[in-house]
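Notes to accompany the following structure.
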Amino acid sequence: MTKRRLTRRQRQVRRNRIILACAAAALLIIIIVIISVSMKGCSKSKNEDKNGKSTTAKVEESTPTKENENTSEGADSTNADNSSATMSDITSTTASSNSSEYPAPEIPSGNVVSKGTTSKGFKIQEINGATYIDGVLIANKTYALPQDFIPTNPDQPVNADRSSTCLDKTLMSAWNTMLKDATAKGLNIYIASGYRSYNYQVNVYNRYVKSDGAAVADTYSSRPGNSEHQTGLCFDLNTIEDSFQYTNEGKWVNDNCYKYGFCIRFPKGKDSATGYQYESWHLRYVGVDLATKLYNNGDWLSLEEYFGITSEYPN
């Protein structure tokens, strides 16, 4: 019996079947390889999850950036109080009102004499001859300093009648941060006049009296013993000219100094309360908590208004 010979059409059909079988086998192999790789990837991910974090994540966690180092304490504190706070809320809170970073000046120890309360109920105390209201040192026309008073917590020892380095230690720390931030914004601020002794103020005041008369001098210059410069808790910036308020530096200082614990000591329009004309350049350090209250959302209050005290010479 002879073998039947296939026709040309039958041979073509046979070849097509073989090609399809081979293609199907190749596709099956590819699918198997893909499934195998995917299963290995899932297994690796599960192992990483089981162990905690991947090596990369651990490296990033153990090497925080300098920015994170500077703000982590404030952020952690904020999250503890409000776990649902947004990152922008945390940043704003930490930057603008960190009372632990810019605290009120230290209150000295010594002989304490109670002097009652102010018209707003704040406690008045006399410590070593100087007046403190609610723990804040006051030097104005009503409350004078002892002639021998010097800064009680100076950054540098008081060794001169006039100095910009023997100001209060806490003030200087806050000032250095504010200076750095202002410089980063392209602003040029500097301390033009810091601490002045009683004897130095004698010369300053007498010079102004000789130039303008006592009545006029009293509106912008303090008599010896009544000058806040003697406390070591204030300074004059750049220039004692009214034009400072219109400069970029003056505007920035007015709107931001409270964030560092400073206040505009003699605000605009508060002459009757402070006893002095507006001085945009004169900053007093009180700590961020009180400074924020005095800032009053941009409508600065004087210490006299806030505490309910006067600033008037006895004669």
Residues 180-193 vs side-chain hydrogen bond (donor to acceptor under 3.5 Å, both in side chains), sequence neighbours excluded, gives D181-Y260, S193-R196

Taking atom types as modelled and ignoring hydrogens, do the side chains of N296 and Y306 form a donor-acceptor contact shorter than 3.5 angstrom? no

query = Do D212 and Y220 get their side chains close enough for a donor-acceptor pair, meaning under 3.5 Å?
reply = yes

When T118, T310, N140, T274 are each screened for side-chain hydrogen bond (donor to acceptor under 3.5 Å, both in side chains) with E304, the one that passes is N140

**Prompt:** Under 6.0 Å from the OH atom of Y246, do we count more than 12 heavy atoms belonging to anything else shown?
**Reply:** no

*In one Ile/Leu/Val/Met/Phe/Trp/Tyr side-chain cluster, 4.5 Å: M172, I150*: yes

Ring geometry between H282 and F266 (parallel below 30°, tilted from 30 to 60°, perpendicular above 60°):
tilted

Exercise for the section: For K251 and N248, test the side chains for any donor-to-acceptor distance below 3.5 angstrom and give the result as yes or no. Expected result: no

Just wondering, more than 12 heavy atoms not from Q277 lying within 6.0 Å of its CD? yes

Which of Y102, Y295, Y285 passes side chain to side chain contact (heavy atoms under 4.5 Å, CB included) with F262? Answer is Y285

inquiry  = For Y276, does the six-membered ring have the charged nitrogen or CZ of K141 within the cation-pi criterion, i.e. under 6.0 angstrom from the centroid and within 45° of the normal?
reply    = yes

Next on the checklist: Side chains of K169 and Q156: any donor to acceptor distance under 3.5 Å?
Outcome noted: no

Any Lys/Arg nitrogen of R284 or E228 sitting under 4.0 Å from an Asp/Glu carboxylate oxygen of the other?
yes

Query raised in the report: Would I240 and I191 show up in the same hydrophobic cluster when neighbours are defined by side-chain heavy atoms closer than 4.5 Å?
Result: yes

Next on the checklist: Quick check on the hydrophobic clustering: are Y258 and L237 connected, directly or via other members, by side-chain heavy-atom contacts under 4.5 Å?
Outcome noted: yes

Query raised in the report: Does some side-chain heavy atom of L137 sit less than 4.5 Å from a side-chain heavy atom of L145?
Result: yes

Which of T152, N111, I107 passes side chain to side chain contact (heavy atoms under 4.5 Å, CB included) with I127? Answer is I107

Residue set satisfying side-chain hydrogen bond (donor to acceptor under 3.5 Å, both in side chains) with N254, at least two apart, ordered chain then number -> W300

Practice task
Take N226 and Y313, measure what side-chain hydrogen bond (donor to acceptor under 3.5 Å, both in side chains) needs, and give me the verdict at the end.
Solution key: CA-CA 9 Å; N226 301 95; Y313 288 130; 4.5 Å; no

